[in-house]
Amino acid sequence: MEIKICLVFIAFFMLTDFSVANDKWEKSLPVIIDVDGDFDDFIAIIYALKSKELDVRGITYQGDGWSNAASAQNIVDIVDDIYPGKNLPVILGADYSLYETDKNPDSLGTPGCLYQKTVPAGAGGKRDQDLLYGLNRQLRLSKRIWYNAIKGFNITKDYANLIDSTIKQTGKKPTIIMTGPATNIATLLRAFPNYTAKIDKVFWMSGALDVPGNLFSLPNNTHAEFNVFFDCVAAQELLASNLDITLIPLDYTSKTPLNIAFFDKLSKLKSFYGIFIYKLLSMIRSTWFGGDTAFFTRYYLWDPTAISVVKNIGVAKIVSNRSLAVTCKGDPNYDGQFVSSKILTNSNFRVTTDAYVSNPIDSSPFFQDFLKVINYD
Ligand SMILES: *[C@@H]1O[C@H](CO)[C@@H](O)[C@H](O)[C@H]1NC(C)=O
Ligand SMILES: *[C@@H]1O[C@H](CO)[C@@H](O)[C@H](O)[C@H]1NC(C)=O
Ligand SMILES: *[C@@H]1O[C@H](CO)[C@@H](O)[C@H](O)[C@H]1NC(C)=O
Ligand SMILES: *[C@@H]1O[C@H](CO)[C@@H](O)[C@H](O)[C@H]1NC(C)=O
């Protein structure tokens with residue numbers, strides 16, 4: 001009798017061990033995350049680093065979005081804590097949009113110019129994003145000082161090296177998850193057009209198709225979304241490439257709104273990053289202009305929802321839509337909008353449309369996975 005039980009146990013353990021190892025091999029997708037340092041970019045990085053389906057190979061950063069380049073230190077602190085000892089590349093990319101640098105190649109454009117000036121400098125804008133409302137002091141600080149790494153920094157070379165080393169080390173082409181403007185990838189492709197052959201897929205949180213845009217600081221432009229708007233030249237060049245691109249627009253991200261029940265669940269998490277994200281989102285909520293009613297209809301976990309789409313855990317319906325183009329003529333009131341086009345994109349271009357949601361909304365697959373993953377310690 002005893003022997004039999006013992007055998008059953010051995011068989012059971014062998015079986016589970018095998019399936020875990022197999023799982024890891026099957027699911028670990030090498031990804032590069034390209035961010036612009038808004039609050040939800042940091043939350044997306046934490047979610048991705050903690051997701052077993054994803055093998056994060058490096059983070060590229062652009063200073064022409066929502067925060068200043070120096071806040072890349074926050075990313076270093078997070079990656080060195082979650083992936084200790086790996087020295088994960090955190091690479092500084094473009095500081096100005098291609099529209100600006102093409103016009104003023106010597107001055108590298110002017111900071112705060114045409115598109116950038118829509119980002120507030122103070123409350124809720126760059127200052128708060130850079131410091132994560134002061135909560136960045138509560139991160140587990142890394143000994144690695146990001147600033148030392150910018151000497152000799154060159155996005156073209158560094159991005160290409162990161163792609164090459166990913167292929168060498170994993171035997172797979174990386175998937176690129178973009179949660180900011182398209183400047184870095186467009187810059188890479190200008191120098192090395194054939195690197196499209198070394199990229200598996202691109203997922204980009206950006207755009208507003210059949211819903212209003214989000215340029216609250218430029219109300220004349222009702223259709224643009226910030227990530228496209230900040231660099232419409234780069235967006236056009238990305239679409240003109242032959243990459244495999246999946247767009248995650250506001251149409252999709254607004255289908256999983258936050259609510260009080262979600263905050264209640266988040267407040268109960270005990271992990272370091274569960275507590276950190278609860279504090280950060282609570283700070284954003286409490287300082288939101290217009291209070292809870294406005295917050296719950298305007299603030300979304302945009303970039304984390306993009307991570308969940310890449311994880312392919314049954315959250316999204318994706319349709320092919322190669323009949324879209326981006327407006328870009330140097331007029332902020334008009335640029336950065338997705339419009340329908342008669343010319344088909346070269347890229348294998350798709351759009352996530354419907355999110356699979358549950359009733360109540362905070363039990364939806366995305367929220368369930370997000371809360372579970374950030375609660376791992
Ligand atoms: C950056 O790297 C690329 C590719 O190696 C090279 O062509 C370019 O000259 C470099 N730029 C600078 C400013 O060094
Ligand atoms: C890309 O083109 C360059 C020349 O411009 C060549 O040296 C390189 O081998 C090519 N790489 C691939 C992946 O085709
Ligand atoms: C918005 O549009 C109005 C009316 O066309 C114009 O007078 C105003 O200057 C525009 N605002 C900006 C910031 O361009
Ligand atoms: C493709 O985009 C156009 C323009 O926004 C839209 O009218 C159309 O419904 C979209 N088709 C799909 C399948 O999403």
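Here the structure is a predicted model, which means the values were calculated and not measured. First listed ligand is number 1; within each ligand, the first listed atom is number 1.
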Whether D164 and K198 form a salt bridge (side-chain N of Lys/Arg under 4.0 Å from carboxylate O of Asp/Glu) is what I want to check.
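Salt bridge between K198 and D164, a charged N being under 4.0 Å from a carboxylate O: yes.
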Contact between V319 and ligand 4, counting heavy atoms under 4.0 Å?
yes
Can you list the ligand 1 atoms lying under 4.0 Å from a non-hydrogen atom of K157?
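Taking each heavy atom of K157 in turn, ligand 1 has 2 (O), 5 (O) under 4.0 Å.
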With atom 2 (O) of ligand 3 as the reference point, say which of N220, L218, N333 has the nearest heavy atom.
N220
Heavy-atom nearest neighbour of atom 6 (C) of ligand 4 within options D251, N321, L209
N321
Assess K329 against Y334: is NZ or CZ under 6.0 Å from the centre of the six-membered ring, and within 45 degrees of the ring's axis?
yes
F230 ring center near Y115 ring center (under 6.0 Å)
no
Return the closest protein heavy atom for atom 5 (O) of ligand 4 as residue, atom name and distance.
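Result: L324 CD2, 3.3 Å.
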Provide, to 0.1 Å, the distance between atom 4 (C) of ligand 1 and the closest protein heavy atom, together with that atom's residue and name.
F192 CZ, 3.8 Å
Would you please indicate if the ring centroids of Y133 and F39 are separated by under 6.0 Å?
yes
In terms of residue, atom name and distance, what is the protein heavy atom nearest to atom 7 (O) of ligand 4?
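That would be D210 OD1, 4.9 Å.
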Side-chain ion pair, R144 and D80, N-O less than 4.0 Å
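Between D80 and R144 there is a salt bridge, with a charged N closer than 4.0 Å to a carboxylate O.
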Give a yes or no on whether a salt bridge exists between D81 and R140, defined as a side-chain N under 4.0 angstrom from a carboxylate O.
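Between R140 and D81 there is a salt bridge, with a charged N closer than 4.0 Å to a carboxylate O.
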Looking only at heavy atoms, is any part of V339 under 4.0 Å from ligand 4, and if so is it the side chain, the backbone, or both, or is it neither?
neither
Under-4.0 Å protein heavy-atom contact, atom 11 (N) of ligand 4
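Given the 4.0 Å cut-off, atom 11 (N) of ligand 4 counts as touching protein heavy atoms.
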If the plane angle is over 60° it's perpendicular, under 30° parallel, otherwise tilted; pick one for F366 and F370.
tilted
Looking only at heavy atoms, the pair that brings K270 and I275 closest together is O-CD1, 3.6 Å
Going by the atom numbers of ligand 4, which of them fall below 4.0 Å from some non-hydrogen atom of S340?
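Those atoms are 4 (C).
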For atom 14 (O) of ligand 3, is the nearest protein heavy atom under 4.0 Å away?
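Under the 4.0 Å cut-off, atom 14 (O) of ligand 3 does have protein heavy-atom neighbours.
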With atoms numbered from 1 as shown, which atoms in ligand 1 lie under 4.0 angstrom from a non-hydrogen atom of N154?
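Taking each heavy atom of N154 in turn, ligand 1 has 1 (C), 2 (O), 3 (C), 8 (C), 10 (C), 11 (N), 12 (C), 14 (O) under 4.0 Å.
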